[in-house]
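In what follows, a single structure is set out as structure tokens and then discussed.
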Amino acid sequence: YSTLALLSLVYQPFGDVAPVYQDLSFKLNFPETPIGSLSFFGLGGDSYVDITAETDTVGVEDYDYLETQDFRQTQTMGVVGVKHIVRMNEKAYVKTVLAQTLNRYTDETYENDLFDSSYRELFDLTDFRDDQASIHSSLNYKWDQRNTLRSGFIANFKGFEFKYDNKDLDDGIWTNYIDSGGRSTQYENYLQWKHRISEKVTSNLGYHITYLPFNSTYSIEPRAAIT
């Protein structure tokens with residue numbers, strides 16, 4: 001739970017605004033199975049912040065300066081996945097990770113009535129979501145004490161949805177200003193050769209290719225480094 005939220009019960013370091021959040025994570029390891037090593041993992045989080053209008057009118061002479069709107073911002077995220085490692089022989093193993101992520105952001109604005117505490121009406125709403133499913137598989141081969149090869153493939157399947165609506169408080173009619181969404185895919189391939197030149201010097205050579213089917217574009221990046 002949010003430390004700030006607990007502290008706000010006795011102390012207000014940010015005035016009346018304190019973020020509230022909580023998260024949960026897990027990881028389950030099964031190092032020896034008939035198909036190799038398996039591990040399952042996950043992480044989820046949720047947070048929100050409320051900005052509340054001052055509705056106490058006692059001693060107020062000019063109501064025009066009183067704020068009548070409440071605001072809430074909420075953010076949620078989550079990821080779950082599985083990692084699989086299988087050893088081919090003494091020199092090589094294959095590692096594969098499957099994962100699914102989700103993020104969501106919303107903000108809501110409410111109108112209050114200074115003279116009617118039962119009145120609270122939502123009139124402004126933003127809702128943004130994005131998700132991604134991914135797979136990353138790599139082959140690791142230790143040629144000898146000085147040379148190691150790594151080659152891999154990554155595929156990301158992405159999606160998003162964005163909506164914005166506003167309500168006219170006079171006639172009660174909602175108007176949608178933004179309603180957009182879509183999906184795309186991204187593929188990557190890489191190769192890395194790590195060579196130990198000496199006890200203190202190591203070279204890394206390879207390449208990284210990224211391809212976007214959405215607009216049929218790609219990039220090829222050679223990689224070279226000495227450490």
Side-chain angles (χ1 to χ4, degrees), residues 21-47 75-105 128-162 181-227:
Y21 57 87
Q22 55 188 344
D23 58 68
L24 176 67
S25 63
F26 71 89
K27 186 174 184 180
L28 304 174
N29 293 312
F30 302 92
E32 297 182 6
T33 74
I35 60 172
S37 173
L38 283 172
S39 63
F40 300 87
F41 59 89
L43 172 66
D46 178 75
S47 67
Q75 290 182 291
T76 305
M77 66 79 63
V79 56
V80 292
V82 57
K83 180 173 69 173
H84 175 239
I85 299 177
V86 58
R87 184 165 290 279
M88 313 298 292
N89 51 51
E90 293 183 354
K91 293 186 175 183
Y93 67 91
V94 175
K95 180 172 70 172
T96 303
V97 179
L98 299 173
Q100 173 71 51
T101 62
L102 173 66
N103 295 282
R104 184 179 183 185
Y105 166 88
F128 177 78
R129 311 180 191 192
D130 70 84
D131 64 88
Q132 175 174 295
S134 61
I135 177 172
H136 181 187
S137 186
S138 62
L139 169 65
N140 297 265
Y141 184 77
K142 188 172 183 179
W143 191 280
D144 52 37
Q145 293 296 324
R146 290 181 175 271
N147 297 281
T148 303
L149 293 175
R150 175 179 297 173
S151 181
F153 174 79
I154 304 172
N156 295 313
F157 306 93
K158 305 178 181 182
F160 81 96
E161 183 178 352
F162 183 26
R183 305 201 67 83
S184 66
T185 308
Q186 176 180 293
Y187 300 109
E188 300 174 52
N189 173 251
Y190 63 89
L191 174 67
Q192 179 187 26
W193 170 36
K194 183 177 181 180
H195 175 63
R196 217 169 82 180
I197 300 174
S198 67
E199 292 295 329
K200 296 183 178 181
V201 181
T202 301
S203 66
N204 286 278
L205 299 174
Y207 68 82
H208 191 111
I209 300 175
T210 302
Y211 174 65
L212 297 175
F214 177 76
N215 53 7
S216 300
T217 59
Y218 64 91
S219 66
I220 302 176
E221 304 172 5
R223 304 287 176 89
I226 295 180
T227 57

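Position 1 is the first residue of the sequence, and the numbers go up from there. Being a predicted model, the structure only gives us computed values, none of them experimental.
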Margin query: Testing the basics here: between Thr217 and Tyr211, what is the closest heavy-atom pair and its distance to 0.1 Å?
Written below: O-CD1, 3.3 Å
Note to self: Using a 6.0 Å cut-off, check whether atom CD of Gln145 has over 12 heavy atoms from anything other than its own residue.
What the structure shows: no
Check: Can you list the steps and then say if Trp193 with Asn147 is a side-chain contact (heavy atoms from CB on, under 4.5 Å)?
Finding: CA-CA 7 Å; Trp193 170 36; Asn147 297 281; 3.0 Å; yes
Item checked: Candidate pair Arg223 and Glu221, rule side-chain contact (heavy atoms from CB on, under 4.5 Å), full reasoning -> CA-CA 6 Å; Arg223 304 287 176 89; Glu221 304 172 5; 2.7 Å; yes
Check: Checking Asn189 side chain against Ile154 main chain: does a donor-acceptor pair fall under 3.5 Å?
Finding: no
Margin query: Can you tell me how the ring of Tyr141 sits relative to the ring of Trp143, calling it parallel under 30°, perpendicular over 60° and tilted otherwise?
Written below: perpendicular
Check: Where the side chain of His84 meets the backbone of Ile35, is there a donor-acceptor pair that is under 3.5 Å apart?
Finding: yes
Note to self: Distance check, rounded to the nearest 0.5 Å: Thr96 atom OG1 versus Leu38 atom CG?
What the structure shows: 10.5 Å
Next item on the list: Calculate, to the nearest 0.5 Å, the distance between atoms OG and CG belonging to Ser134 and Leu98 respectively.
Entry: 8.0 Å
Next item on the list: Search all heavy atoms of Val94 against all heavy atoms of Leu139 and return the closest pair with its distance.
Entry: CG2-CD1, 3.8 Å
Check: Can you list every side chain to side chain donor-acceptor pair (under 3.5 Å) pair that touches residues 26-40, not counting sequence neighbours?
Finding: none
Next item on the list: Could you please spell out the steps behind the side-chain contact (heavy atoms from CB on, under 4.5 Å) verdict for Gln75 and Arg104?
Entry: CA-CA 6 Å; Gln75 290 182 291; Arg104 184 179 183 185; over 6 Å; no
Checklist line | Between CG on residue Asp131 and CD on residue Gln100, distance to nearest 0.5 Å | finding: 5.5 Å
Check: Given the side-chain rings of Phe128 and Phe162, with only the six-membered ring counted for Trp, is the space between their centroids under 6.0 Å?
Finding: yes
Notebook entry, point to check: According to the salt bridge (charged side-chain N to carboxylate O under 4.0 Å, His left out) rule, which pairs have a member within residues 187-210, sequence neighbours left out?
Noted result: Arg196-Glu199
Notebook entry, point to check: Between Asp130 and Arg183, does at least one N-O distance fall below 4.0 Å, as a salt bridge requires?
Noted result: no
Check: So, do Arg129 and Asn103 sit near enough that their side-chain heavy atoms are less than 4.5 Å apart?
Finding: no
Next item on the list: Could you tell me whether the side chain of Arg146 and the main chain of Ile197 form a donor-acceptor pair under 3.5 Å?
Entry: yes
Notebook entry, point to check: Parallel, tilted or perpendicular for Phe157 and Tyr187, by the 30°/60° rule?
Noted result: perpendicular
Next item on the list: Mark yes or no for whether Ser151, through its side chain, and Tyr190, through its backbone, hold a donor-acceptor pair below 3.5 Å.
Entry: yes
Next item on the list: Evaluate the side-chain contact (heavy atoms from CB on, under 4.5 Å) criterion for residues Ile226 and Val201: first the C-alpha distance (whole Å), next the side-chain angles of each, then the deciding distance (0.1 Å), finally the verdict.
Entry: CA-CA 7 Å; Ile226 295 180; Val201 181; 3.7 Å; yes
Notebook entry, point to check: From Thr76 OG1 over to Asp23 CG, what is the distance, rounded to the nearest 0.5 angstrom?
Noted result: 12.0 Å
Next item on the list: Kindly compute the distance separating NZ (Lys142) from OG1 (Thr148), expressed to the nearest 0.5 Å.
Entry: 6.0 Å
Checklist line | Candidates Lys91, Gln192, Arg150 - the one meeting side-chain hydrogen bond (donor to acceptor under 3.5 Å, both in side chains) with Asn140 | finding: Arg150
Next item on the list: Could you tell me the separation between the OG atom of Ser184 and the CZ atom of Phe214, rounded to the nearest 0.5 Å?
Entry: 7.5 Å
